Amino acid sequence: MPVSNAAPSGAPPSRRAQIAAGLGDSLGVGLGIFPLGIALGVLVVQAGLPWWVSPALAIGVFAGSVELLLVGMIAAATPLVTIGVTVLAVNFRHVFYALSFPVSRVTRGLPRAYSIYAMVDEAYATYVLMPPEKLTSARMVTGQLAMQAYWVFGGLVGVWLAAALPAPIEGFEFALVALFIVMTLDALRSRREIPSAVLAGLAVTIALFAFPEQALLAALLIFVGGLAVRYAATTGAARA
């Protein structure tokens with residue numbers, strides 16, 4: 001009588017199967033991350049920064065769009081305080097991600113620490129809606145490692161591409177602005193976000209006229225303050 005090597009029904013998947021599943025999870029988002037990594041590498045070279053800045057940002061920061069923003073700030077020798085406040089404002093949403101991200105499914109220690117560190121938008125969207133019974137530590141960590149690898153290798157391809165071009169691509173630095181414009185337009189499809197867009201416009205206008213030398217930092221602080229006031233007013237009206 002032949003003996004079956006298949007795992008019994010209901011048995012947990014093998015570690016190899018979990019790793020394969022994690023790699024599969026990353027493929028869809030990798031199609032979007034890899035081109036952004038290329039844009040990062042090209043921007044680094046065109047900004048006159050050393051090539052290693054691209055992998056350094058992709059490994060040391062790994063926060064999505066803010067890496068593209070940091071290239072221009074580093075090239076312009078922006079003060080560290082401004083850089084810190086800007087990164088905090090752009091990525092503050094990650095604080096709330098931790099409230100619902102299934103990090104408890106990841107093994108304690110280094111795997112969980114890395115999973116928290118690599119909790120980017122794409123990882124959050126991938127695993128927060130996945131059925132709990134499908135989530136394993138190996139699968140999640142593998143998926144997040146692969147997502148970061150797309151950034152790193154995409155950036156290296158961008159560095160090579162920029163070095164191979166006979167001349168810089170004019171206007172390529174507008175890629176980040178275009179990205180945020182698309183994200184803003186997407187958010188405005190919901191009418192409830194129109195007040196946020198109005199607040200953002202007012203914050204920028206006030207900052208440009210009142211604090212022209214520190215317009216970005218001032219606009220972010222004004223915008224955050226405006227959002228806090230809006231939240232308090234909305235909450236108070238709901239309770240009334």
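For this chain, numbers begin at 1 and follow the sequence in order. Quick caveat: nothing in here was measured; it's all calculated off a predicted structure.
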(Q) I need the minimum non-hydrogen distance between R112 and V103, along with the two atoms involved. (A) NE-O, 3.5 Å
Q) What about Y114 and I19, same hydrophobic cluster or not, with Ile/Leu/Val/Met/Phe/Trp/Tyr joined at side-chain heavy-atom distances under 4.5 Å? A) no
Q.
Working to the nearest 0.5 angstrom, can you tell me the gap between L23 CG and L145 CG?
A. 9.5 Å
(Q) In the structure I gave you, are the side-chain heavy atoms of L199 and F223 within less than 4.5 Å of one another anywhere? (A) yes
Q. So Q18 and T142, side chain to side chain donor-acceptor pair (under 3.5 Å) or not? Walk me through it.
A. CA-CA 8 Å; Q18 294 173 35; T142 299; over 6 Å; no
Q) Which heavy atom of T205 sits nearest a heavy atom of G201, and at what distance? A) OG1-O, 2.8 Å
(Q) Heavy-atom count check: over 12 atoms from other residues, nucleotides or ligands less than 6.0 Å from R15 CZ? (A) no
Q. Do you know which two heavy atoms are closest between L208 and A215, and how far apart they sit?
A. CD2-CB, 3.8 Å
Q.
So, taking the atom named CG in L227 and the one named OG1 in T234, what distance separates them when rounded to the nearest 0.5 Å?
A. 10.0 Å
Q.
Using the rule that Ile, Leu, Val, Met, Phe, Trp and Tyr join whenever any side-chain heavy atoms are under 4.5 Å apart, tell me whether L68 and V61 fall into a single cluster.
A. yes
Q. Checking Q144 side chain against A118 main chain: does a donor-acceptor pair fall under 3.5 Å?
A. yes
Q.
Under 4.5 Å between side-chain heavy atoms, counting indirect links through other Ile/Leu/Val/Met/Phe/Trp/Tyr residues: same cluster for Y117 and F101 or not?
A. yes
Q | Neighbour count above 12 (heavy atom, 6.0 Å) for F211 CZ | A | no
**Q.** side-chain contact (heavy atoms from CB on, under 4.5 Å) assessment of L40 paired with L36
**A.** CA-CA 6 Å; L40 173 65; L36 287 177; over 6 Å; no
Exercise answer: donor-acceptor pairs, residues 73-90 side-chain atoms, under 3.5 Å, sequence neighbours excluded:
| residue | atom | partner | partner atom | Å |
| --- | --- | --- | --- | --- |
| T78 | OG1 | M73 | O | 2.9 |
| T82 | OG1 | Q214 | OE1 | 3.4 |
| T86 | OG1 | T82 | O | 2.7 |

**Q.** Same apolar cluster (I L V M F W Y, side chains within < 4.5 Å links), I194/V229
**A.** no
Q: Kindly compute the distance separating CG (L70) from CG (L43), expressed to the nearest 0.5 Å.
A: 12.0 Å
**Q.** Verify same cluster id: V29, F34 (apolar side-chain graph, 4.5 Å)
**A.** yes
Q: Would you check, one step at a time, whether the test side-chain contact (heavy atoms from CB on, under 4.5 Å) holds for V141 with V106?
A: CA-CA 8 Å; V141 173; V106 182; 3.8 Å; yes
Q | Pairs satisfying side-chain hydrogen bond (donor to acceptor under 3.5 Å, both in side chains), at least one member in residues 21-38, at least two apart | A | D25-Y127, D25-R139
Q) Do any N or O atoms from the side chain of S115 and from the backbone of P111 form a donor-acceptor pair under 3.5 angstrom? A) no
Q. Does a side-chain heavy-atom distance below 4.5 Å link L57 with V71?
A. yes
**Q.** Separation of M119 CE from M140 CE (nearest 0.5 Å)
**A.** 8.0 Å
Listing, residues 149-167 side-chain donor-acceptor contacts under 3.5 Å, not counting sequence neighbours, or none:
none

